[in-house]
Q: 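Mind looking over this structure? Questions follow.
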Amino acid sequence: MTVEKISLDTVWEVLNKIPDPEIPVISIVELGVVRDVSLENDQVLITITPTYTGCPATNIFEADILTSMKELGIENAQIKYQYQPAWTTDWLSEESREKLRVYGIAPPDGKTSDKRYLLGETPTVKCVQCNSENTRMISPFGSTACKSLYQCNECLETFDYFKCI
């Protein structure tokens, strides 16, 4: 298929179906990784911002995007990395945060401008099972580097907290 026959809306729709490899309940578009899509010189140019340096999912983002474009009939897709501004959890929509909570991951609390963590304060994280605020951090790292492991002192459930990055 030629690029001229593809609409940007169609490309965005396809990209919005690609799940985050570590959090499959949200797409890479909902995560905020996909920044822009354009049609240039008979190719689809997709701009992405990695979540953080060394994120193991970055290569999977790229492979999944290129595979999806080929399935759409686009052989000439290119991925461009944009590092400024840096990705932040502030880009997660309220809908995405709710999807995380329902999936069992406490969403980021507050904005990245909040520097309580640097002062040794941990955020009050609600339990994703019973909604209690009586929780404690067990480990600064959870199932992935971008999450912390918490436990609820009421229901004793352990759960991941998506750090405010």
Q: Taking side-chain contact (heavy atoms from CB on, under 4.5 Å) as the test, write out the residues that go with Lys70, two or more places apart.
A: Glu75
Q: Rounded at 0.5 Å granularity, tell me how far CG in Leu8 sits from CG in Leu39.
A: 4.5 Å
Q: Provide the closest heavy-atom pair for Ala145 versus Tyr52 in the form atom of the first, atom of the second, distance.
A: CB-OH, 3.5 Å
Q: Indicate the ring-plane relationship of Tyr83 and Tyr81, choosing parallel, tilted or perpendicular according to the 30° and 60° boundaries.
A: parallel
Q: Just so I know, are the side chains of Glu62 and Pro50 near enough to count as touching, which here means a heavy-atom distance under 4.5 Å?
A: no
Q: What is the minimum heavy-atom distance between Ile165 and Cys146, and which atoms define it?
A: CD1-CB, 3.7 Å
Q: I'd like to know whether NZ of Lys147 has more than 12 heavy-atom contacts from other residues, nucleotides or ligands below 6.0 angstrom.
A: yes
Q: With a 4.5 Å cut-off on side-chain heavy atoms, are Leu92 and Pro108 touching?
A: yes
Q: Heavy atoms only: give me the nearest Thr47-Gln82 pair and the separation to one decimal.
A: CG2-OE1, 3.4 Å
Q: On a heavy-atom basis, which atom in Met137 and which in Ser139 lie closest, and how many Å separate them?
A: CG-O, 3.4 Å
Q: Could you give the distance from OG1 (Thr158) to CD (Gln151), rounded to the nearest 0.5 Å?
A: 6.5 Å
Q: Taking all non-hydrogen atoms of both residues, which atom of Asp109 and which atom of Tyr161 are closest, and how far apart?
A: N-OH, 2.9 Å
Q: Under 3.5 Å, sequence neighbours excluded: what are the donor-acceptor pairs made by side chains of residues 11-28?
A:
residue, atom, partner, partner atom, Å
Asn16, OD1, Ser27, OG, 2.6
Asp20, OD1, Glu22, N, 2.6
Asp20, OD1, Ile23, N, 2.7
Ser27, OG, Asn16, O, 3.4
Ser27, OG, Val29, N, 3.2
Ser27, OG, Glu30, N, 3.0

Q: Starting at CZ of Phe159, measure out to CG of Leu149 and round the result to the nearest 0.5 Å.
A: 8.5 Å
Q: Are the side chain of Thr135 and the backbone N or O of Cys152 linked by a donor-acceptor pair below 3.5 Å?
A: no
Q: If you measure from CG on Leu156 to CD on Gln129, what distance do you get to the nearest 0.5 Å?
A: 12.0 Å
Q: If Ile, Leu, Val, Met, Phe, Trp and Tyr residues are connected whenever their side-chain heavy atoms lie under 4.5 Å apart, and connections chain through other members, are Val128 and Phe141 in the same group?
A: no
Q: Output the distance between atom OG1 (Thr49) and atom NZ (Lys80), rounded to the nearest 0.5 Å.
A: 10.0 Å
Q: If you measure from CD1 on Ile46 to CZ on Phe61, what distance do you get to the nearest 0.5 Å?
A: 13.5 Å
Q: May I ask whether Leu72 and Val44 are part of the same hydrophobic cluster, defined by side-chain heavy atoms of I, L, V, M, F, W, Y residues being less than 4.5 angstrom apart, directly or through others?
A: yes
Q: Leu45, Ile79: one ILVMFWY side-chain cluster at the under-4.5 Å cut-off?
A: no
Q: Quick check: is Val102 connected to Phe162 through a chain of hydrophobic side chains (ILVMFWY, heavy atoms under 4.5 Å apart)?
A: no
Q: Looking only at atom types and distance, does a side-chain atom of Thr88 sit under 3.5 Å from a main-chain N or O of Asp90, one as donor and one as acceptor?
A: yes
Q: Test of understanding: clusters of I, L, V, M, F, W, Y form through side-chain heavy atoms closer than 4.5 Å, transitively. Do Ile60 and Leu31 belong to the same one?
A: no
Q: Between Ala77 and Leu66, which heavy-atom pair has the shortest distance, and what is it?
A: O-CD2, 3.8 Å
